[in-house]
There are 2 protein chains.
Amino acid sequence: MRPLRIGDVARLVGTTPRTIRYYEEIGLLPEAPARPSGQHRLYTQEEVERLREVMRLKNALGVTLEELKTLLTAEEARAEVRAQLRREDVDPVRRRQLLMEALGHIERQLELVSHRAAELAKLEDELSETRKRVKRRLRELDARQSATFPPEDTLEVTGEART
Amino acid sequence: MRPLRIGDVARLVGTTPRTIRYYEEIGLLPEAPARPSGQHRLYTQEEVERLREVMRLKNALGVTLEELKTLLTAEEARAEVRAQLRREDVDPVRRRQLLMEALGHIERQLELVSHRAAELAKLEDELSETRKRVKRRLRELDARQSATFPPEDTLEVTGEART
DNA sequence: TTTTATTTTTACGTTCACGTCAGTTTTCAC
DNA sequence: GTGAAAACTGACGTGAACGTAAAAATAAAA
């Protein structure tokens, strides 16, 4: 599988070349270190995945790129930790230190995410609650109607409304 | 309880006067209709609540003010519907129509919210999963340690890490 | 009734997250 | 090798969401 060019990558993750360059420019994406200026950027599948993840985080968290950057930096640090830990020759004290560090990073992310998630969940709950109420009122109305008139047609009430 | 001025309102909901004026300017908040130009804006507790809700939606959904505006317009429409429905003298056909309309609004909102909520929930899940793994590794490490040396101190592992 | 503190309007400034254009270069397809 | 397509680097442009400054008016406090 030959390396991808920026246009292909953009298509794959649903963005534009400009955005990718911009992310590189502000340090959100690592710039390929050995690329002579002027030469085309080439991307591996792995880098595509990384970018996809970045976009996902950005959309899900609705956070500024600067904040996202610190999050990703933490992410990188964890990757570094994993790499270090794979080597069996680190002494347990250092090992513990690394793990604790990683744990800290994760927990900071989790705090952010679960806070936002909780708010959204609450909102979702409220909405589906009012939906329930409206549906019940509709059912009641229909019940009273069918007592007066015979049902002219089967009316969709419980199904999902699509545009 | 005397009416609030814009500065008080801003403090109460955690924003600035400028933002409130801006929201009014773009039609996100209704402008008090009878205020002679130049006179201070006065707000009731109800309007404060409304603004609070707006901020909440904005933060939770991470949506543009324009989109938020359409959402709120739908919200207003629902309020209008509720007002109409409170009057008992509307005929059932019209009643049904109004309810269906409201249902449509709610469901469009819900679609947006639950989509975002689902994404965030997934993210949260993944994070707490990796946290679990890290914690397990820490426990394993400690277990092996306490087999070699006696425990020097009780190490906090399962508790929440605070900055 | 003066201060004093807020608010009002107007208008220009700013940051973020890219879009767009231009001129040049690189790479690909033939 | 020769176009044609895509990418490169600057640079300036843009819309959204406010910030900030200034001069005048209004409201609250003393």
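Residue numbers begin at 1 in each chain, while the letters A, B, ... track the order of the sequences.
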Fill in: Residues A/Asp8, A/Arg5: salt bridge by 4.0 Å N-O rule
no

Discussion item. Please give me every residue in residues 56-67 of chain A whose heavy atoms get under 4.0 Å of an atom in DNA chain C, ordered by residue number.
Written reply: A/Lys58, A/Thr64, A/Leu65

Discussion item. Tell me which residues in residues 8-22 of chain B lie within less than 4.0 Å of DNA chain D, going by non-hydrogen atoms.
Written reply: B/Thr16, B/Arg18, B/Thr19, B/Tyr22

Discussion item. Which heavy atom of A/Leu99 sits nearest to which heavy atom of B/Val134, and what is that distance?
Written reply: O-CG1, 3.7 Å

Practice prompt. If a protein heavy atom is under 4.0 Å from the base, mark B; if only from the sugar-phosphate, S; if neither, -; do that for nucleotides 25-30 of chain D going 5' to 3'.
Written response: -BSS--

Item to complete: Please name the pair of heavy atoms, one in A/Thr15 and one in A/Thr19, separated by the smallest distance, quoted to 0.1 Å.
Response: OG1-CB, 3.3 Å

Practice prompt. State, to 0.1 Å, how close A/Met100 and B/Leu138 come at their nearest heavy-atom pair, and which atoms those are.
Written response: SD-CD1, 3.6 Å

Discussion item. Check this for me: does any side-chain nitrogen of one of B/Glu119 and B/Lys122 sit under 4.0 Å from a carboxylate oxygen of the other?
Written reply: no

Discussion item. Nearest 0.5 Å, please: how far is CE in B/Met55 from CG in B/Leu68?
Written reply: 10.5 Å

Discussion item. Just the rounded figure in Å: distance from P of D/dA17 to CD of B/Glu24.
Written reply: 17 Å

Worksheet item: So, B/Arg50 and B/Glu76, do they make that salt bridge, N to O below 4.0 Å?
Response: yes

Discussion item. I need the full list of side chain to side chain donor-acceptor pair (under 3.5 Å) pairs touching residues 56-65 of chain A, with sequence neighbours left out, sorted by first then second residue.
Written reply: A/Glu53-A/Arg56, A/Arg56-B/Glu126, A/Thr64-A/Glu67

Discussion item. I'd like to know if A/Arg137 and A/Glu140 make a salt bridge, using a cut-off of under 4.0 Å between side-chain N and carboxylate O.
Written reply: no

Practice prompt. Would you check if A/Leu98 and A/Glu80 make a side-chain contact, meaning some heavy-atom pair closer than 4.5 Å?
Written response: no

Worksheet item: Tell me, which pairs form a side chain to side chain donor-acceptor pair (under 3.5 Å) where one or both residues lie in residues 28-41 of chain A, sequence neighbours left out?
Response: A/Glu24-A/Arg41

Item to complete: With rounding to the nearest 0.5 Å, note down the distance linking CD in B/Glu124 to NE2 in A/His115.
Response: 11.5 Å

Discussion item. With heavy atoms of chain A within less than 4.0 Å as the criterion, where does contact along DNA chain C begin and end?
Written reply: C/dA17 to C/dC28

